[in-house]
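What follows is a set of notes on a single structure, which appears directly below.
Note on naming: letters A, B, ... go to the chains in the order of the sequence lines (proteins, then strands), and numbering restarts at 1 for each one.
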Amino acid sequence: MFKNKKVRLIFRTVVLTALIAATIAVIYLNSLKDNPVLAEGDDAPNFMLERLDSNEVIELDQLKGKGVMINFWATYCEPCKKEMPYMEELYKEYQDKGIEIVAVSVDKNRMVIENFYNRFDLSFPLVHDKKGTIMELYQVQPLPTSFFINPDGTIERVVKGPLTLDRLETYFKEILPKN
Amino acid sequence: MKKVKCECGHINHEGTVLCEACGKPIEENQHIDNNDKNKLLNMRYDGSARRSQTKKRTIVDKTWAFFSSVKVGVWLIALTLIAAALGTLYPQEQFKQSRLPSSQFYEQEYGITGKIFYQLGFHNLYSSWWFITLVALIGISLVICSIDRVIPLHRALKNQKPKRHEIFVKRQRFFSETEGVSDKDREMLIQNLKNRRYKVREEDGHILAEKNRFSRWGPYVNHIGLIIILVASILRMFDFMHTEDYVWVREGETKVVPTTDQQYYIKNEKFIYEVYDRNDERFQEALKNEEFDVPSNFQTNAVVYKVKEEVIPGQEPELEEVTRGEIRLNHPLKFDGYSAYQSGTQLRSEYETISFSIKNSDGQDVGDFNFKPNVDKRKYELKDGYNVVVTDYYPQFEITEEGPSSSSKFPRNPGIIFEVNGPNGHSERYFYLNEDIVALSEDQQFNVNLEDTKLITASGLTIKKDFSLPVFLVGAIIFMIGVAQGLYWHHRRVWLHPTGNKVLFAGHTNKNWYGLKNEIEQALEGTNINMVNDQQEKF
């Protein structure tokens, strides 16, 4: 079949290269699968929800130009409740510098959210993801999960689990609009 | 490349064991198939030059030789099998069905072995890079082994001449010598062989009769099937070929179907749970010793909707019904390439309605108050100026260090604190938990009674899309064709070799020697040629 050694070598090299390239491609594709759909650097998907604390609606795309923290939480999630006061504390300081917080509650009944919100005297915008649509869109698994979004709408950081005051401030600084 | 010239004039590739044309053993290569130690020739791959057995030169040749080795292939398969078996000892991460993170789950549930299982990464075994590498190496070995054997074998069978070397004929397993064979005997033999569908070729009085050569390609067809199956399993990794997810839908609830880019919604209209009837004669024997009822049906009556026009997520889209149907175990509801399978139930686990009746201080009925945990309603108006205001609600009540709280958003064990307000400003507070009502105010005047509760079931649905199955099917069919081809047909050859006043007769097959013997017996009928001896029996 092979006229000479050279042809045989080329044939073998081509076949081996193709097979090994396919193997590497498969391993690479598989490693991509382990990563969440939304990774740092991706565009944050837009959403629009009514605010619970006022009659306005919040649309994420309207907040471009500001650094946005989207915090997925629920009243039945103890660590979520613990980080809320930190968010409140820093919100007062950073709101004027161009940071917005959107707290997305994934509870089912808004009564429980309102009660909690009033009890803690929180001032940042609160929205209710009653059907879990946004949670599904953002592929949120554990609660709390926070997305820190740059002024240009890209995700700077995804944090799964509770935050401390120090870390929260560091992350706010990362997404702080320049000027 | 170094060539080996046989005395018949045929030029063979390096590493050839038996000359492709005449079959004469090539002296210096007999060790490859251990022919030097045996009386009979090893007819494996017809003595063709397998690349794996030749001298290694460059790194490419060495790699090639490595994958071309059947021994390596068998080891790869064995390692993969062992690893795959280990992965089944405990559930894989995606099936652990626990809220605990994997780092705790395996140790808590299975102890030290569970911890080892987790730390070695066996909880995600089948998608781990090393497992995929093993499978891929099997694939590479399969391709190279096949290429390296099918090509030389094909060439050897194509180049074989009716006129073979005497040594080749004499060292076949079936062999006989006959003196005084007439032309008539020869004609008779040829005719008999042709009747048995042999293809007969002649050269200088030498005869080669052959049938079912295609049976030799069976293993390679089989390997093509296997490779297609491997390709299918790779395709399965892409979202456009295969997706799978799980969603809990409560009775009356409409949920977005996962993995569909928020394009589909599914509604659980009603959940049906049935058990085998204990009074039915057919089941009495089987149910005699069953303490609990045995379920006979888990069914979700579902409606699937498609989003009509895209809206910004979070807004209610306009929905259009696509299909509706009953989802039962193994009877999925199919829509646009997706299938919804019944895969879980939380039977009557959540409250849909809790009804109270309220009487005023005169004992007069002032109306019912139906609390619906999943409805955002705080104030319920009753008759005669009475009303009820829900002040606190805990879907799954528990007491923590910080006081009353809820451990989930689902009304599995709701705790409700509500006020009943009379028209004259009198107000009383009540606490409801566990189908029990506690008055929180002193000097209680009203009378609050629990009337009814309604429970609903949450149905767990697996949403699956799999376009890789047809590819698996094609691979499996080709695999089976290869198996049948190699197993149910046998490659048979007989040679007639005149030498001096004698005639040598030999036969070879790759399997079913008994069948070949019978066939030779029938072919030699009416001729003077001696029946063959099985030379292997001499050892």
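- Looking at B:I140, the atoms closer than 4.5 Å to chain A (heavy atoms on both sides) sit in the backbone and in the side chain alike.
- At a 4.5 Å heavy-atom cutoff, B:D239 makes no contact with chain A through either its backbone or its side chain.
- Contact annotation for B:V247: neither backbone nor side-chain heavy atoms come within less than 4.5 Å of a heavy atom of chain A.
- In this structure, the portion of B:S407 lying under 4.5 Å from any heavy atom of chain A is its backbone and not its side chain.
- Residues of residues 408-417 of chain B placed with any heavy atom under 4.5 Å of a heavy atom in chain A are listed by number as B:S408, B:K409, B:F410.
- Residues of residues 309-316 of chain B lying within less than 4.5 angstrom of chain A, judged on heavy atoms, are B:I312, B:P313, B:G314, B:Q315, B:E316 in numerical order.
- Among B:F67, B:F238, B:W129, the residue with the largest count of heavy-atom pairs under 4.5 Å with chain A is B:F238.
- In this structure a side-chain-to-backbone donor-acceptor pair under 3.5 Å is present from A:K130 to B:N374.
- When heavy atoms are compared at a cutoff of 4.5 Å, B:P395 approaches chain A solely by way of its side chain, counted from C-beta outward.
- Proximity to chain B among residues 54-72 of chain A is limited to A:E59, judged by heavy-atom separations below 4.5 angstrom.
- Around the CG atom of B:D245, the shell of radius 6.0 Å holds more than 12 heavy atoms that belong to other residues, nucleotides or ligands.
- Ranking A:L16, A:T13, A:D129, A:I134 against chain B, the residue ahead of the rest is A:L16, based on heavy-atom pairs under 4.5 Å.
- For a residue to count as touching a neighbouring chain, one of its non-hydrogen atoms must lie under 4.5 Å from one of that chain's; by this rule B:V256 touches chain A with the side chain only.
- Contacts between B:S233 and chain A at a heavy-atom distance below 4.5 Å are absent for every atom of the residue.
- Using a 4.5 Å cut-off between heavy atoms, B:Q396 makes no contact with chain A at all.
- Neither the backbone nor the side chain of B:F131 comes within less than 4.5 Å of any heavy atom in chain A.
- At a 4.5 Å heavy-atom cutoff, the contact between B:R250 and chain A is made by side-chain atoms alone.
- For A:Y86, the OH atom counts as loosely surrounded, since its 6.0 Å shell holds 12 or fewer non-hydrogen atoms of other residues, nucleotides or ligands.
- For the atom pair A:T133 OG1 and B:Q262 CD, the distance stands at 6.0 Å (nearest 0.5 Å).
- For a residue to count as touching a neighbouring chain, one of its non-hydrogen atoms must lie under 4.5 Å from one of that chain's; by this rule B:I144 touches chain A with the side chain only.
- Distance CG/A:N30 to CD1/B:I234: 10.5 Å, rounded to 0.5 Å.
- Within 6.0 Å of CZ on B:F240 lie more than 12 heavy atoms contributed by other residues, nucleotides or ligands.
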Applying side chain to side chain contact (heavy atoms under 4.5 Å, CB included), run through B:T63 and A:R12 and close with a yes or a no. CA-CA 9 Å; B:T63 318; A:R12 286 181 175 185; over 6 Å; no
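- Note that CD of A:E136 and OG1 of B:T260 are 7.0 Å apart. Values are rounded to the nearest 0.5 Å.
- Annotation: side chain of A:V26 is not in contact with side chain of B:V135 (no heavy-atom distance under 4.5 Å).
- The contact between B:T391 and chain A is made entirely by backbone atoms, counting heavy-atom distances below 4.5 Å.
- Counted within 6.0 Å of CD1 on B:I399, heavy atoms from surrounding residues, nucleotides or ligands total more than 12; the atom is thus considered enclosed.
- Across A:L29 and B:M237, no two heavy atoms sit closer than the pair C-CE, 4.5 Å.
- The contact between A:L49 and chain B is made by backbone and side chain atoms together, counting heavy-atom distances below 4.5 Å.
- At a heavy-atom separation below 4.5 angstrom, chain B is approached by A:V106, A:D107, A:K108, A:N109, A:R110, A:M111, A:V112, A:E114, A:N115, A:R119 within residues 98-125 of chain A.
- To the nearest 0.5 angstrom, A:L9 atom CG is 10.5 Å from B:W64 atom CH2.
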